[in-house]
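Worksheet: one structure, shown below.
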Amino acid sequence: MIESLVQPGSTFAPDIDFVINLVGGLVFFWGGLTVAMFFWLLWRYRYREGVKALYVTGNEPELKRWINIPHYLIILCDLAIIGFAVQTWYKVKQDIPPVDDEIRVVGQQWAWTFQHTGPDGKMGTDDDIKTADVLHVEVDKTYQFTLESRDVLHSFSVPIFRLKQDVIPGREIQGWFHPTVAGAFDIQCAEMCGIGHGIMAARIIVETPEQHAAWLAGAK
Amino acid sequence: MSEAHQIDGHHGHDAHGHHEPTFLEKYIFPLDHKYIGMQYMLTGMVMALFGGFFAYSFRMQLAFPGISVPGFGIVSPTEYNALVTNHGSVMIFWVAMPVLIAAFGNFLIPLMIGADDMVFPKLNRLSYQVFLLSCIVLGISWIVPGGGFGGAWTSYPPLSANGDYSMTPLGSSLWLTAVALEFAAFLIGGINFITTAMNSRAPGMKAKDVPMTVWMICIASIMFMASVGPLIAGAIMLLFDQQLGTGFFDWKRGSDPVLWQHLFWFFGHPEVYVVLLPATGFVAEIITVFARKKLFGYQTILYTAIGTGALSFFVWAHHQFVAGIDPRMANIFTITTVLISIPIAEMMFLYIATLYGGSIRFQTPMLWALGFIFEFLIGGVTGIFLGASGADIYFHDTYFVVAHFHYTFFPIAFIGTFAAATYWFPKMFGRMMNETLGRIHFWGTIIPVNFIFIPLFITGAAGQHRRIYNYNHFPDVSTPDLQTLNIVATVSLVILLCFQTVFLFNFFWSMWRGPKAPANPWKANTLEWQAPSPPPHGNFPPDNMPVVYRGPYEYSVPGREDDYWPQNQPN
Amino acid sequence: MGATMSGSGSRRESPDLRVVHPPPQARRKAVPNEVLGMMMFILTELMLFSGFISAFTISKAQAPAWPPPGQPRLPVEATAINTAILLASGAMLWYAGRRFDKVGPAAARVPLATAVALGLGFVTFQGVEWARLLGEGLTMVGSTYGAFFFLIIGFHGLHVMAGATALIWQGTSLWREKLTSDGFWAGRLFWYFVVLVWPALYWKVYL
Amino acid sequence: MIVWLLIAADALACATCQDPDPRRSAIYLDMTVFMSLTPLIAFAGGGLWIWQRTRAIR
């Protein structure tokens, strides 16, 4: 469902899309069935002259079956959802693969500052490249990012990567992503951060190795 | 039976009663629960108009960025944030809670349990006065210099804690004060509801004879009281941060801003069920009456409500999956959150099962009740996307969330209220509402509401985030297609708001001009329908207080000529 | 609502139309109105203090050193004595309640007065300690440490004052022989809460 | 409940963590359990007491 609206652009995006599709499928099946049942009952038992309603307490086993069996099945579906959700969550937020490069993201009212490692691939050296509101990364490389905030809460959200993480002042929050598609995409701030929340936009430019090298050369 | 009255009327009639009350005593400072309930309801309606107007203003800005909104003018970013914030807080704290719990709780609990009034009438009056004060404080917060508070209804520090960040130093404090006052009002009200339902029931009314509405309002009140403490604590701390300059949530002084989120959502999530349960209670009354059916599994519904209430204390951190909590905590909260769908789904199944074998009459209250079930099902199932932590990484703070919780809150706060208002209107005012206008209003509400929020599901799934002033800065999500969806949603909202005038006209016109209502126009069993319409002071004749012989949902009992069997009829 | 769950079983799974039910008798209340209302109020208060304590514990846990260097130390021993005073007040009020119910309202006068006096003594003593701490430079604005101290202990102090006022008010109606047993019970419950929450606060905040 | 407590004890290391301070993280988990259980225990205790009194007077 989501893929048709926003293409998956990172290694974990297909996992998240799978969870969404799984939930979607189960929900459409059970929700559709319930709604169909609901309308069928409404039509079947509409008021008719001379027909009296049944007296049913809800304790009859042969009727309760109709509630209980679907309900047990729904519990099974819930367990499946929990399993896949937790697995995906673990992959995105808890586990960190070996990283190729680092970036540092600083949020403030109302702009993003990005610090790239520069040609030497190490953070905190003289050749670091700082950019405002544009993040340059290379396709097919695993990045570890560090999020910092100077003032209030922000949220670093890259819809194409299915990535979202709140930025909290006083903390250095780590995370990772691995872009798979080249192009220029939105970075949004997803947490209310004051008057300029709506203009706190940035772009992430995912480049091929050649483009990235050219950018590095030009930025230096 | 006069002894029964003696016991029920513990607070005595000497406090209020023997003389004919003056206008001021009756309508402005009433002790009678019915008038306090109506005060709550009318105040809630006024606040709903504000909330609707706010929604209209910022939706217009979103659909047509930069235009001068008719009736508001050009929406600046500051105003946009204030509108979004106050729309949320007004609709939840000043519309859903006062109308669903306070108004109908006040009006219905004593009538449904066959009592003459609340056990603490003076506390009840105080509750409304504190609530009114909170409304006034909130209103002042909109017009102080700097404008209304614009830090979202969740009011996360440091944005809300510091005037330099939020740029609304006065508005945010007044907003917070208003919220705290509002909680105090419902605290007092909730104590009253629970004590009344526990101690003032008519003779013979056992646990299984209590109408579902009373149960639900009581469970909701208990949940409210058990969850509101930490938020009041947090609000006091935040207020100190704002006004005294303390550092409870200030990271520069070694505190943690995320702490507020825990205190807030510890209340914030049970709050959802606090407003949900009363609405499900109303629906239970209405579907049984209009399907002429006994409620399917009374006890099971009760247990699911209690189970939901208990579980709801274990799910709050699902609002914070990406907000800086330990990722392991997110796993636990995923499990509890997905599990809470089980009792709620069971409850909805039982409501649908109640329709089986019925003789369903599609009058206005029934249409609303069925609309509630249908819309709430959509709202409920879309919550699973958000409760599953893996999927929530993507959906968090997008319009998908907005659409999801409006699909729950709209059925709760508005459809539930319309169901209850149309159903109990004859009892409240002694007159019938117009059926044709009621149906026009129903279809004019239920169709646009889907056209508001289904587009928002799609824009959210496409990556549009909440609370964004306009999307021009985000090239990926400012495509013409998404903008079209936003326009559809906004136009539907305008249509929806226009149709509410039908309801307002019907409500106030019928209040004075509607045909006189009999005592029991719907042929219902519960005790409030056995009192005259409208009930006099003291509700029931003092020498003939009701006595309960059976449960509230004995419809279509085989062997009886009538298809209903009032609770107080010996046989 | 636990009490109402104890209905006398399944009366009418299949309604029998021939049975004419006798009119039910009026029920006696399991818990008086005032007491039930007070219990609900105390539930809220309990959660309020839980919120404070949680916030305090979290802020404390992330501090490198607690109490922060350079801040005054809290008077642990003096407050231990004060704790004993407050607990004695609670015990005395419990005794007053027993006398009220077993012997008669007049017998509760002296223990009630003693309880109130002990409670006021607690507040006064706290006030003296506060003045000293303020003199030593512990303020709400200065540090989170001071802020939490004054917030939590101050809030408890407000509760003690409110409870003492309520008890004094109940005492005057006791002297005028207008105090009902239920009302006194509710008043006592609030004081028990105030007394019993204190050791927890003392343990978390002072120790 | 056991799961909760186990996890509270386990919350001491985290590769990519939203909350880099393990002590605070652990305390948050403890507080979660405490805050969730307190109202339920308080309410269950009060409810049980009222239930017994109700049985006693019947």
Side-chain angles (χ1 to χ4, degrees), chain A residues 1-2 5-6 16 19-20 23 27 31 34-35 37-38 41-42 45-47 51-58 67 71 74-75 78 81-82 84-86 88-89 92-94 151-153 155 157 159 162 164-166 168-171 185-186 188 190-199 201, chain B residues 77-78 81 151-152 156 158-159 165-167 251 257-258 291-294 296-297 322-324 327 330-331 334-335 338 342 345-346 349 352-353 355-361 377 381 384-385 388-391 393-394 396-397 461-463 465 467-470 473-474 476 555-558 563:
Chain A
M1 298 191 293
I2 300 296
L5 293 164
V6 186
I16 291 178
V19 175
I20 291 170
V23 177
V27 151
T34 314
V35 169
M37 188 72 184
F38 175 66
L41 284 172
L42 286 183
Y45 294 104
R46 67 194 184 280
Y47 168 73
V51 178
K52 207 175 171 183
L54 300 178
Y55 184 82
V56 173
T57 61
I67 303 284
H71 207 246
I74 285 178
I75 293 175
D78 274 354
I81 291 172
I82 290 172
F84 284 107
V86 167
T88 305
W89 175 265
V92 179
K93 292 281 180 190
Q94 275 177 261
D151 35 41
V152 300
L153 299 180
S155 189
S157 169
R162 316 286 189 268
K164 192 170 287 145
Q165 177 59 53
D166 277 18
I168 298 163
R171 288 192 193 177
F185 308 107
D186 274 349
Q188 302 192 28
E191 191 67 74
M192 179 59 116
C193 59
I195 294 166
H197 173 57
I199 56 164
Chain B
T78 324
N81 285 354
Y156 285 174
L159 181 64
Y165 295 146
S166 65
M167 303 188 188
W251 59 279
V258 178
R292 315 308 294 168
K293 264 297 298 297
K294 190 179 167 78
F296 193 93
V322 297
N331 294 336
T334 299
I335 296 170
V338 176
I342 291 169
E346 174 92 21
F349 283 175
I352 292 171
L355 301 171
Y356 162 78
S359 169
I360 302 165
R361 288 131 166 100
L377 273 173
V381 296
I384 298 175
F385 290 95
S389 54
I393 300 171
Y394 182 62
H396 185 83
D397 267 342
H465 286 62
R467 300 164 181 155
I468 300 283
Y469 172 61
N470 72 46
H473 291 85
F474 305 100
D476 288 359
Y555 294 101
S556 307
V557 176
D563 62 357

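It should be emphasised that the depicted structure is a prediction, and the values quoted were computed from it without experimental measurement. Below, all heavy atoms of this structure are taken into account, side chains as well, without hydrogens, waters or symmetry copies. Order of the sequence lines fixes the chain letters, A, B, ..., with proteins taken first and strands second; residue numbering starts at 1 for each chain.
The shortest distance between side-chain heavy atoms of A:H197 and B:Y469 does not fall below 4.5 Å. Within the 4.5 Å cutoff, the side chain of A:L54 has no heavy atoms near those of the B:S556 side chain. When side chains are defined from C-beta on, A:S157 does not count as touching B:H396, because their heavy atoms never get closer than 4.5 Å. Within the 4.5 Å cutoff, the side chain of A:I74 has no heavy atoms near those of the B:E346 side chain. Side-chain contact between A:W89 and B:N331 is present, with at least one heavy-atom pair separated by less than 4.5 Å. A:I20 places a side-chain heavy atom less than 4.5 Å from the side chain of B:Y394. Side-chain atoms of A:R162 and B:I393, non-hydrogen and from C-beta on, never get closer than 4.5 Å to each other.
The two residues A:Q165 and B:G324 make their nearest non-hydrogen contact at NE2-N, 4.0 Å. Among all heavy-atom pairs drawn from B:G151 and A:M192, the shortest one is C-CG, 3.9 Å. The minimum heavy-atom distance between A:Y47 and B:S359, with the atom names listed, is CD1-OG, 3.3 Å. Here the shortest heavy-atom pairing between B:N81 and A:I195 reads ND2-CA, 3.6 Å.
Ranked by non-hydrogen atom pairs under 4.5 Å with chain A, the options B:A388, B:A391, B:S389 are led by B:S389. For chain A, the option among B:L355, B:V258, B:V322, B:T78 with the highest count of heavy-atom pairs below 4.5 Å is B:V322. The candidate from A:V56, A:V51, A:V35, A:I81 with the greatest count of non-hydrogen atom pairs under 4.5 Å with chain B is A:V56. For the options A:I82, A:V19, A:T88, heavy-atom pairs under 4.5 Å to chain B are most numerous at A:I82. Ranking B:T334, B:D563, B:I384 against chain A, the residue ahead of the rest is B:I384, based on heavy-atom pairs under 4.5 Å. Of the residues considered (A:A85, A:A201, A:P169, A:G194), A:P169 shows the highest number of contacts with chain B, using heavy-atom pairs under 4.5 Å. Between chain B and the options A:L42, A:D186, A:D166, A:V23, heavy-atom pairs under 4.5 Å are most frequent for A:D186.
Side-chain atoms of B:N470 do not come within 3.5 Å of backbone N or O of A:G198 as any donor-acceptor pair. A:Q188 places a side-chain N or O within 3.5 Å of a backbone atom of B:G463 that can act as its donor or acceptor partner.
With a threshold of 4.5 angstrom between heavy atoms, A:V6 approaches chain B through side-chain atoms but not through N, CA, C or O. With a 4.5 angstrom heavy-atom cutoff, B:L159 touches chain A via backbone and side-chain atoms both. Both the backbone and the side chain of A:L153 come within contact range of chain B, with heavy atoms under 4.5 Å apart.
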Check: Would B:L377 and A:F38 satisfy side-chain contact (heavy atoms from CB on, under 4.5 Å), going step by step from the backbone distance to the final call?
Finding: CA-CA 11 Å; B:L377 273 173; A:F38 175 66; 5.5 Å; no

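With rounding to the nearest 0.5 Å, the separation of CD1 in B:I342 from CG in A:D78 is 5.0 Å. For the atom pair CE (A:M37) and CZ (B:F349), the distance works out to 10.0 Å, reported to the nearest 0.5 Å. For the atom pair OH (B:Y356) and CD1 (A:I67), the distance works out to 11.5 Å, reported to the nearest 0.5 Å. The line from CG of A:L5 to CG of B:D476 is 12.5 Å long, rounded to the nearest 0.5 Å.
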